[in-house]
A.B. asks: 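Below you will find the structure I want to go over with you.
The shown structure was predicted, so the numbers you read here are calculated from the model rather than taken from an experiment.
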Amino acid sequence: MLALNLLALAVGAATAAAFPTVHLPRYETGPWCDNLGGGAFDKALNVTLAAYNATGTNTNDTGAPLVLATGGFFSNFEVRRFATWDSFPANDYPTISLLNGTIILNGGPDVNPARATEVQEGSPLSFVTNPTEDPLAGSQIYCGVASTSAHGGGTGFPRLAVNGDTDSFSLCRVGSQNVVFWKPIPDEGETGCYPVYIQIIEDF
């Protein structure tokens with residue numbers, strides 16, 4: 001019996017030597033996720049966004065689906081901005097990807113590439129599109145934040161942050177569109193603003 005035990009110990013030591021423990025490096029988010037806690041992440045591929053009413057009632061846990069609405073045409077580019085599907089029932093970019101702090105719009109072969117622009121106080125979440133844009137050169141200002149609360153709560157969906165902030169989005173009426181703004185400024189043209197969270201929805 002003693003011989004068998006010694007043999008088992010020897011085999012175990014040899015196995016540990018042959019297959020040492022591998023310590024994988026911890027994934028680190030970029031500075032666009034600073035101060036957002038342990039649930040912050042900056043990579044999410046082929047997801048969609050939805051606006052969840054922060055103070056009123058919602059008909060579901062996901063919120064109102066968001067699409068890339070037209071924000072204006074110019075001589076050599078077009079502006080797109082997030083608006084609700086019910087106010088702009090078209091969707092040239094069915095999904096988005098969060099990658100290294102910027103948002104990539106995933107469209108088909110017949111739509112122009114888009115680049116995320118800076119989001120200032122009182123402005124919508126916008127993109128510039130034209131045939132030569134580089135989506136990877138977009139502003140690195142976005143982060144996702146998953147709930148890590150032991151007490152639960154919320155809807156269970158991660159929230160989008162811009163400029164390190166998940167709590168200052170609003171839906172505002174601009175013409176016929178319900179557009180997502182960050183820190184809207186009163187009397188700037190948009191009306192009927194109310195606070196929302198922008199939720200990240202993964203389709204399984």
A.B. asks: Calculate, to the nearest 0.5 Å, the distance between atoms CG and OH belonging to Leu68 and Tyr93 respectively.
C.D. replies: 7.0 Å
A.B. asks: Holding to side chain to side chain contact (heavy atoms under 4.5 Å, CB included), I want the full list of residues that pass it with Ser87, two or more places apart in sequence or in another chain.
C.D. replies: Ala83, Thr84, Arg173, Gln177, Asn178
A.B. asks: Using side-chain hydrogen bond (donor to acceptor under 3.5 Å, both in side chains) as the criterion, list what pairs up with Ser123, not counting sequence neighbours.
C.D. replies: none
A.B. asks: Find out if a path of hydrophobic residues (ILVMFWY) with successive side-chain heavy-atom gaps under 4.5 Å connects Ile103 to Val179.
C.D. replies: no
A.B. asks: Would Tyr197 and Thr155 satisfy side-chain contact (heavy atoms from CB on, under 4.5 Å), going step by step from the backbone distance to the final call?
C.D. replies: CA-CA 11 Å; Tyr197 297 116; Thr155 63; over 6 Å; no
A.B. asks: For Thr132, check side-chain hydrogen bond (donor to acceptor under 3.5 Å, both in side chains) against everything at least two apart and list the hits.
C.D. replies: Asn130
A.B. asks: Report the distance from atom CD1 of Ile198 to atom CG of Leu125, rounding to the nearest 0.5 Å.
C.D. replies: 7.0 Å
A.B. asks: What residues form a side-chain hydrogen bond (donor to acceptor under 3.5 Å, both in side chains) with Asn112, not counting sequence neighbours?
C.D. replies: none
A.B. asks: Is the shortest heavy-atom distance from the side chain of Thr48 to the side chain of Leu66 under 4.5 Å?
C.D. replies: no
A.B. asks: For the side chain of Asn163 and the backbone of Val119, is there at least one donor-acceptor N/O pair under 3.5 Å apart?
C.D. replies: yes
A.B. asks: Is there a path of hydrophobic side-chain contacts, each under 4.5 Å between heavy atoms, that joins Leu136 and Val111?
C.D. replies: no
A.B. asks: Suppose we screen for ring pair (Phe, Tyr, Trp, His ring centres under 6.0 Å). Which residues come up paired with Phe77, at least two apart in sequence or across chains?
C.D. replies: Phe74
A.B. asks: Locate the shortest heavy-atom distance separating Pro184 from Cys172; write the atom from each residue and the value.
C.D. replies: CB-SG, 4.0 Å
A.B. asks: Under a single-linkage definition using a 4.5 Å side-chain heavy-atom cutoff for Ile, Leu, Val, Met, Phe, Trp and Tyr, are Phe169 and Phe157 assigned to the same hydrophobic cluster?
C.D. replies: no
A.B. asks: Which is it for Ser97 and Leu45 under the side-chain contact (heavy atoms from CB on, under 4.5 Å) test, yes or no, and what are the steps along the way?
C.D. replies: CA-CA 4 Å; Ser97 293; Leu45 305 181; 3.9 Å; yes
A.B. asks: Enumerate the disulfide bond (SG atoms under 2.5 Å apart) contacts for residues 100-136, please, sequence neighbours excluded, ordered by first and then second residue.
C.D. replies: none
A.B. asks: Hey, what do you get for CD (Glu190) to CG (Leu171), rounding to the nearest 0.5 Å?
C.D. replies: 11.5 Å
A.B. asks: To the nearest 0.5 angstrom, please state how far the CG atom of Leu98 sits from the CG atom of Leu49.
C.D. replies: 9.0 Å
A.B. asks: Given side chains that start at C-beta, do those of Asn100 and Trp32 come closer than 4.5 Å, heavy atoms only?
C.D. replies: yes
A.B. asks: Name all residues meeting the ring pair (Phe, Tyr, Trp, His ring centres under 6.0 Å) criterion together with Phe73; count only those two or more places apart in sequence or in a different chain, and write none if there are none.
C.D. replies: none
A.B. asks: Assess the side chains of Asn106 and Thr95: does a donor N or O sit below 3.5 Å from an acceptor N or O?
C.D. replies: yes
A.B. asks: Return the set of residues passing side chain to side chain contact (heavy atoms under 4.5 Å, CB included) with Asp165 (not counting sequence neighbours), or none when no residue passes.
C.D. replies: Asp167, Ser168, Trp182, Lys183
A.B. asks: List in chain and number order the residues that pass side-chain hydrogen bond (donor to acceptor under 3.5 Å, both in side chains) with Thr166, two or more places apart in sequence or in another chain; answer none if no residue qualifies.
C.D. replies: none
A.B. asks: Quick check on the hydrophobic clustering: are Ile141 and Ile104 connected, directly or via other members, by side-chain heavy-atom contacts under 4.5 Å?
C.D. replies: no
A.B. asks: With sequence neighbours excluded, what pairs up with Thr117 under the side chain to side chain contact (heavy atoms under 4.5 Å, CB included) test?
C.D. replies: Arg115, Ser126, Val128
A.B. asks: Provide the full list of salt bridge (charged side-chain N to carboxylate O under 4.0 Å, His left out) pairs with a residue in residues 81-105, sequence neighbours left out, each pair given once.
C.D. replies: Arg80-Asp92
A.B. asks: Which atom names give the shortest non-hydrogen contact between Gly164 and Leu36, and what distance separates them?
C.D. replies: O-CD2, 3.5 Å
A.B. asks: Looking only at heavy atoms, which two atoms of Ala40 and Cys33 are closest? And how far apart?
C.D. replies: CB-CB, 4.0 Å
A.B. asks: Could you report the tightest heavy-atom contact between Gly30 and Asp42, atom names first, then the distance?
C.D. replies: N-OD2, 3.1 Å
A.B. asks: Is there a donor-acceptor contact under 3.5 Å linking the side chains of Thr62 and Gln199?
C.D. replies: no
A.B. asks: Thr102 and Pro135: which non-hydrogen atoms are nearest, and at how many Å?
C.D. replies: CG2-O, 4.1 Å
A.B. asks: Which pairs count as ring-ring contact (aromatic ring centres under 6.0 Å, His included) when at least one residue sits in residues 96-141, sequence neighbours excluded?
C.D. replies: Phe82-Phe127
A.B. asks: Can you hop from Val47 to Phe41 via hydrophobic side chains spaced under 4.5 Å?
C.D. replies: yes
A.B. asks: When you measure from the side chain of Ser139 to the backbone N and O of Glu118, does any donor-acceptor pair fall under 3.5 Å?
C.D. replies: yes
A.B. asks: Below 4.5 Å, heavy atoms only, C-beta onward: do Asn53 and Thr55 meet side chain to side chain?
C.D. replies: yes
